[in-house]
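For reference, the structure is listed below as structure tokens.
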Amino acid sequence: MKQILLAASALVLVSGLTACSEASEPPASAPQSDAAGDATGSPDVQLARAETADSGPEIGERVPEPDERKSSGSSIASASAAEKARADAVAARGVTEIGWEELMPEGEEERIAEMYQAQMARLYGGPGGGVAEGSAADQAIQIGTFNRVEEILGQPADGMKIRLPGYTVPFEYGKDAQISEFLLVPYYGACLHAPPPPPNQTVFVKTDKPIKLKDLSQAVWIEGTLRTETQKSDLADAAYTIEMTGWEIYEY
């Protein structure tokens, strides 16, 4: 079963590595900081509301982009105005919005694709080959490298103040679990229901003040200082770290 899951997730990841994670996302308010938020606008309340959404993402689905075909002309104009106001607010904070593709070094997509092909050949190799289901080797492993970028959009990557959308993967999860460390990944279900993305598509996030994550199927914006620091865990290894200063729901 895990071999099938790995193959399916590999196809999703390889085909989507260059997919852009940008969107005309939230309105032009600053992300909620750990110390900010009131009874109705805090991230916890926003996530609670998100739990009532009609449908969630499918396992392996990347952070979605907006579909303007469903919008009328007036709503598109309003969205454009809101997008500009939001972008101005983000820029005023000295923060740069990035997508997951900005974290991939040149030629890395081809290297990862070759690694996945080699893994598939090992799992499903010729007569007598492959991995027996249920054996010790039958596990969804993380494939990829720790290769990192030194610059993003002309700025040094280490120490850059960024805003990145993704799905959260906590190391512990429960009704009252408050976490100060978690993983941010580009597609839903990674590390829990599907194999982890490559290390350079996995970000370790830490915050001084613990927060609650109520709905793992809800994409979020994470804002903070990017560090080119490697972090290893039982769930997945990460080639980058974000020192989080704020977050908010990713609207699309």
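Look at E248 and R163 and you find a salt bridge, because one of the NZ, NE, NH1 or NH2 atoms lies within 4.0 Å of a carboxylate O, short of that distance. E114 and R111 are not joined by a salt bridge, as no carboxylate oxygen comes within less than 4.0 angstrom of a charged side-chain nitrogen. The pair R93-E223 meets the salt-bridge criterion, since a charged nitrogen lies less than 4.0 angstrom from a carboxylate oxygen.
Both Y116 and M104 belong to a common hydrophobic cluster when Ile, Leu, Val, Met, Phe, Trp and Tyr are linked at side-chain heavy-atom distances under 4.5 angstrom. Under the 4.5 Å side-chain heavy-atom criterion for Ile, Leu, Val, Met, Phe, Trp and Tyr, V95 and L164 are members of distinct hydrophobic clusters. Residue V90 is not grouped with residue I222 when hydrophobic side chains (ILVMFWY) are merged at heavy-atom distances under 4.5 angstrom, including chains of intermediate members.
Atoms OH and OH, from Y167 and Y187 in turn, are 12.5 Å apart once rounded to the nearest 0.5 Å. S180 contributes atom OG, which lies 8.0 Å from atom CD of E172 (distance to the nearest 0.5 angstrom). Note that CD of Q117 and CD1 of I112 are 12.5 Å apart. Values are rounded to the nearest 0.5 Å.
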* **CA sep, side-chain torsions, deciding dist, call: V149, Y240, side chain to side chain contact (heavy atoms under 4.5 Å, CB included)** => CA-CA 10 Å; V149 295; Y240 299 93; 3.5 Å; yes
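Remark: side-chain polar atoms of R148 are paired, donor with acceptor, to backbone N or O of A239 under 3.5 angstrom. Within the 3.5 Å criterion, the main-chain N or O of P105 finds no donor-acceptor partner in the side chain of E108. Remark: side-chain polar atoms of Y188 are not paired, donor with acceptor, to backbone N or O of Q218 under 3.5 angstrom.
Considering L192, L235, V169, V203 as possible partners of V185, the one that fulfils the side chain to side chain contact (heavy atoms under 4.5 Å, CB included) test is V169. Exactly one of C191, P196, P195 qualifies for a side chain to side chain contact (heavy atoms under 4.5 Å, CB included) with Q142. That residue is P196. Just one residue in the list N200, I162, I152 forms a side chain to side chain contact (heavy atoms under 4.5 Å, CB included) with L103, and that residue is I152.
At a threshold of 4.5 Å between non-hydrogen side-chain atoms, the residues K161 and L226 do not count as touching. Counting heavy atoms from C-beta outward, P197 and P186 have side chains that approach closer than 4.5 Å. Under the 4.5 Å side-chain criterion, counting only non-hydrogen atoms from C-beta, I179 is not in contact with P210. In this structure, the side chains of T225 and I242 stay at 4.5 Å or more apart for every pair of heavy atoms. Proximity of E181 to V205: side-chain heavy atoms (C-beta onward) are nowhere separated by under 4.5 Å. No side-chain heavy atom of F204 sits under 4.5 Å from any side-chain heavy atom of E229. Two residues are said to be in side-chain contact when any heavy atoms from C-beta on lie closer than 4.5 Å; M244 and K206 fail this criterion. P198 places none of its side-chain heavy atoms less than 4.5 Å from the side chain of N147.
Residues T228 and A157 share a closest heavy-atom pair of CG2-CB, 4.2 Å. Here the closest non-hydrogen pair linking I249 and W221 is O-CD1, 3.8 Å. When all heavy atoms of F146 and T230 are compared, the pair lying nearest together is CE2-CG2, 3.4 Å. For I211 against W247, the heavy-atom pair with the smallest separation is CD1-NE1, 3.7 Å. Looking at every heavy atom in both residues, Y250 comes nearest to P64 through OH-O, 2.9 Å. Residues T202 and A238 share a closest heavy-atom pair of O-CB, 3.3 Å.
Judged purely by distance below 3.5 Å, without hydrogens or angles, the side chains of Q231 and D237 never pair a donor atom with an acceptor atom.
Heavy-atom contacts from other residues, nucleotides or ligands closer than 6.0 Å to CG of D88 number more than 12. The 12-atom threshold is exceeded at CD of Q155, counting heavy atoms of other residues, nucleotides or ligands nearer than 6.0 Å.
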